[in-house]
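Right, one structure below, let's go through it.
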Number of protein chains: 2
Amino acid sequence: MGRPSPDTKQILIDTALALIWMSSYGSVSVDDICKAAGVKKGSFYHFFPSKVDLAVAAMEHSYHEVKPLYDTIFSPDTPPLRRFERMMEVVVEKQTETLEKYGRVCGCSDTSLGCEMAGLEERIRVKFEELANRKKRYYENALRDMVAEGSLPPDTDVKAKAHEIFAYLLGQMTLARIQNDLGLLKRDLRPGLLGLLGIQDKAGSAS
Amino acid sequence: MGRPSPDTKQILIDTALALIWMSSYGSVSVDDICKAAGVKKGSFYHFFPSKVDLAVAAMEHSYHEVKPLYDTIFSPDTPPLRRFERMMEVVVEKQTETLEKYGRVCGCSDTSLGCEMAGLEERIRVKFEELANRKKRYYENALRDMVAEGSLPPDTDVKAKAHEIFAYLLGQMTLARIQNDLGLLKRDLRPGLLGLLGIQDKAGSAS
DNA sequence: AAAGTTCTTGACCGATCAGTCAAGCACGCA
DNA sequence: TGCGTGCTTGACTGATCGGTCAAGAACTTT
């Protein structure tokens, strides 16, 4: 099959993800990505038929990169409530990492891309939906386990509650991105999520 | 002072707000706005020194447009919990209106603009923060009234809870925008917010 | 070593981008 | 009536946009 594929494609995906995550899809040009990746534009279009295809590939890649972490956090070995608590810790950790790495709070790349482009590029909307559903499935499993162990009422609408948690997390991360500040995320993420789960916070700052 | 100002400036603001809200800041050009507004580009730059200035003016305008409604909803005449419930109803109503008007779910214009541009245009970030704080102040007042009437514990961190509610609402609206569907918003907005307030839903779908 | 495939390169395209400018026009005021 | 100011107009700029292409280089296979 001729020459084996070098990692040019992966470099383009990584570079694009970083640039778009930091700023936005519309403000990052194909030339910007190529320049930062040290790749000529002709090569770019050898691997990706369009800029949108690159963005979709970057979304998929970012999921596959965190999937092992999700599998660990939401392992059935862990008590379900502890899974959510661990997830919140990891969210803050990851945001702190990217803040140090990129010099600003970046929030969730899928959400930024989705919010900007969902109305203009159907494939980005579809990819967002797919990734969102995969993540919500982790929440649903944990919620079902909470119902099973009795820490959540048996008539709980698990899918609805997973969506609420997802929306809340997404909102907190989007606000952190816009304000470029992790302070409120660190302070308010936990009590709000416990509130959504109908659980009193031991620390007392939640209702 | 010569010729009195016609409403060209306001037409530009309205048009820009609609176009950017529907798609995004980056995908709407000054030419697009001018064409849709029936205004020549020279006139545009007579009123606004740059595209960003127009965006900031549009954000400010969108707030002033809904402010009377906020004042009504959060009037001290209304019981505080009822204020939040009314706000959720109005959010769904407004989203339904824009869906019919523009053919798609648009979410919150400030959030979309903020998420896309906060890292690139400081003035947009600052304006977002200003408007967000103004809105959160309505929530804080209502929460304080709930504490006063005893429906919320006296040690409630009112500012933190207002931020949680704001983040949750913003997340639900952003998701509705991306998915271009009001179904989940209509179904899940209310129980989640009641959960954040630590209140059982009479309808039973909340925890 | 020749043929075949994959990847790279750099020049190139028409369209569009945000923004400029000088001239003209319409109105309020004197 | 005529002057001054504010608004409009349309042509214009240089840069940049996403995307194309033909030719060649690098590597595998035969």
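So that the names make sense, note that chain A is the first sequence line, chain B the second, and so on, each numbered from 1.
- The local environment of NZ in A:Lys94 is sparse, with at most 12 non-hydrogen atoms from other residues, nucleotides or ligands closer than 6.0 Å.
- The shortest non-hydrogen separation linking A:Asn180 to A:Val105 is OD1-N, 2.7 Å.
- The nearest whole Å value for the distance from the CG atom in B:Asp53 to the P atom in C:dA18 is 14 Å.
- Spacing between atom CG of B:Asp31 and atom C1' of D:dC12 amounts to 13 Å, rounded to whole angstrom units.
- Taking the side chain of B:Lys40 as heavy atoms from C-beta on, and the options D:dT9, D:dT8, D:dC17, the nearest nucleotide is D:dT9.
- Between B:Asp32 atom CG and D:dC17 atom C1' there is a gap of 14 Å when expressed in whole angstrom units.
- The shortest distance between the side-chain N/O atoms of B:Tyr45 and the OP1/OP2 oxygens of C:dG19 is below 4.0 Å.
- Atom pair A:Phe44:CZ and D:dC17:C1' shows a separation of 13 Å (rounding to whole Å applied).
- Across all strands shown, B:Val52 has no heavy atoms under 4.0 Å from either base or sugar-phosphate atoms.
- One finds a side-chain N or O of A:Thr8 lying less than 4.0 angstrom from the OP1 or OP2 phosphate oxygen of C:dT8.
- Of the charged side-chain nitrogens involved, none lies within less than 4.0 Å of a carboxylate oxygen, so that B:Arg190 and A:Glu164 do not count as a salt-bridged pair.
- Residue A:Phe47 contributes atom CZ, which lies 17 Å from atom P of C:dT5 at whole-angstrom precision.
- Across the protein-nucleic acid pair, B:Ile11 atom CD1 and D:dT8 atom C1' stand 13 Å apart, rounded to whole Å.
- Spacing between atom OH of A:Tyr25 and atom P of D:dC17 amounts to 13 Å, rounded to whole angstrom units.
- Between A:Tyr139 and A:Phe166, the ring planes are tilted. Angles from 30° to 60° get that label.
- Taking atom NE2 on B:His46 and atom P on C:dG19, their separation rounds to 17 Å, with Å as the unit.
- The 5' end of DNA chain C is approached more closely, in terms of each residue's nearest nucleotide, by B:Lys51 than by the other of B:Ser43 and B:Lys51.
- Side-chain N/O atoms of A:Lys41 and base N/O atoms of D:dG19 include a donor-acceptor pair closer than 3.5 Å.
- Using a cut-off of 4.0 Å between Lys/Arg side-chain N and Asp/Glu carboxylate O, B:Asp145 and B:Arg83 are scored as salt-bridged.
- Here A:Ser29 reaches the OP1 or OP2 of D:dC17: one of its side-chain N or O atoms lies under 4.0 Å away.
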